[in-house]
Amino acid sequence: MKSNVPKNAWRARLHEIIYEADSREGKVFDLIIIVAILFSILLVMLESVKELDARYHAFFNISEWVITILFTIEYILRVISVKKPKSYIFSFYGVIDFLSTIPKYLSLFIGGAHALVALRALRLLRIFRILKLVRFVGATNNLGKALKASRFKIFVFISAVLIICVIIGTLMYLIEGDPSGFTSIPRSIYWAIVTLTTVGYGDIAPQTAVGQLLASLVMILGYGIIAIPTGIVGAEMAKEMGQNIDLNTNACENCSEGNHKDGAKYCYKCGEVL
């Protein structure tokens with residue numbers, strides 16, 4: 001007797017749960033992953049505190065192994081639930097998922113006192129898990145499009161700011177010189193960037209009246225410059241939101257691409273039936 005269950009129905013169901021959020025199971029899956037990511041990031045932060053690591057090292061280690069195994073299972077399920085696994089493995093999120101999972105396994109093969117420094121650096125790769133949160137935030141689509149649309153304007157703006165900093169730094173080097181700490185043009189440009197961005201470390205400061213006048217103008221100019229990129233990106237964001245393009249949570253079973261329009265029947269990337 002033939003089964004009524006379609007071939008590879010389990011994979012389609014698994015794909016729906018993992019890559020989409022329309023079903024109850026999909027929402028629960030996303031919630032579990034988000035909580036695990038946040039808990040993992042919290043562990044990384046607490047583990048960096050020497051006093052806490054010395055007292056709760058065993059707890060941190062066991063917890064990290066549990067989370068690592070959970071994300072390993074998630075990674076494997078994501079790979080086997082798409083028709084073309086390479087499309088996920090070599091995608092942005094696929095690489096991030098891989099990088100955020102391997103450090104704990106690598107720690108098993110890196111031993112000896114000479115490797116401790118490298119091991120600490122590898123452990124920091126777990127912070128990549130915070131990037132996994134991006135896939136669960138729908139509003140990032142509009143932000144990404146706005147940044148992409150305004151990239152040339154932002155590039156021109158940054159170029160103009162750098163030119164201004166070079167000019168101001170050179171002028172300040174000529175005005176103040178070595179006695180005030182402006183020992184070179186690059187160091188003076190550093191001061192100009194710090195001052196123009198209103199950071200103001202205070203490690204270098206002009207001492208002459210002319211230098212202080214120029215510094216005052218740079219500070220005032222900094223407040224005006226900070227608002228420009230906000231306006232550029234904000235205008236593009238308003239444009240994206242004004243288009244009112246509704247996206248659903250359907251992800252292509254073939255290439256795992258998401259962000260399809262409501263009512264779309266085919267994947268805009270590979271043409272697979274949704």
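By convention here, the first residue in the shown sequence is residue 1.
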With a 4.5 Å limit on heavy-atom distance, are the side chains of [X] and [Y] in contact?
X      : Y      : answer
Phe60  : Asp53  : yes
Gln207 : Pro179 : no
His15  : Lys83  : no
Asn61  : Lys104 : yes
Tyr56  : Leu46  : no
Ile80  : Leu14  : yes
Ile164 : Leu221 : yes
Leu214 : Met172 : yes

Looking at every heavy atom in both [X] and [Y], which two are closest together, and how far apart are they?
X      : Y      : value
Gly181 : Arg187 : O-NE, 3.0 Å
Gly169 : Ala192 : N-CB, 4.1 Å
Ala36  : Leu70  : CB-CD2, 3.7 Å
Leu43  : Ser63  : CD1-CB, 3.5 Å
Gly211 : Ile175 : N-CG2, 3.8 Å
Glu176 : Pro206 : OE2-CB, 3.4 Å

Would you check, one step at a time, whether the test side-chain contact (heavy atoms from CB on, under 4.5 Å) holds for Leu196 with Cys165?
-> CA-CA 8 Å; Leu196 192 65; Cys165 288; 3.6 Å; yes
Verify the cluster assignment for [X] and [Y]: are they in a single hydrophobic cluster under the rule of side-chain heavy atoms below 4.5 Å apart?
X      : Y      : value
Val66  : Leu38  : no
Tyr223 : Phe157 : no
Val79  : Ile69  : yes
Phe98  : Ile89  : yes
Ile167 : Val161 : yes

If I take atom [atom1] from residue [X] and atom [atom2] from residue [Y], how far apart are they, to the nearest 0.5 angstrom?
X      : Y      : atom1 : atom2 : value
Ser188 : Ile168 : OG    : CD1   : 11.5 Å
Met219 : Leu217 : CE    : CG    : 9.5 Å
Ser91  : Ile96  : OG    : CD1   : 9.5 Å
Thr183 : Asp178 : OG1   : CG    : 6.0 Å
Ile193 : Leu162 : CD1   : CG    : 6.5 Å
Phe71  : Ile102 : CZ    : CD1   : 14.5 Å

Phe39 vs Ile67, side-chain contact (heavy atoms from CB on, under 4.5 Å): CA-CA, chis, key distance, verdict | CA-CA 9 Å; Phe39 183 63; Ile67 292 176; 3.3 Å; yes
Can you tell me if Ser180 uses its side chain to pair, donor with acceptor, with the backbone of Gly177 under 3.5 Å?
->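 Here the side-chain-to-backbone pair does not exist.
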Examine Tyr105 together with Trp65 and report whether their ring centres are nearer than 6.0 Å.
->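 Close enough - the centres of the two rings lie under 6.0 Å apart.
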When the aromatic ring centroids of Tyr88 and Tyr75 are compared, is their separation below 6.0 Å?
->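 They qualify: ring centres under 6.0 Å apart.
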Mind jotting down which residue pairs meet the ring-ring contact (aromatic ring centres under 6.0 Å, His included) criterion with at least one end in residues 169-205? Sequence neighbours excluded, please.
-> Phe182-Trp191
If you measure from the Lys or Arg side-chain nitrogens to the Asp or Glu carboxylate oxygens, is any gap between Arg78 and Glu74 under 4.0 Å?
-> yes
Test side-chain contact (heavy atoms from CB on, under 4.5 Å) on Ile76 and Thr72 and set out the steps.
-> CA-CA 6 Å; Ile76 295 173; Thr72 302; 4.1 Å; yes
Run the side-chain contact (heavy atoms from CB on, under 4.5 Å) check on Phe29 and Ile18 step by step: do they pass?
-> CA-CA 7 Å; Phe29 178 84; Ile18 295 176; 3.9 Å; yes
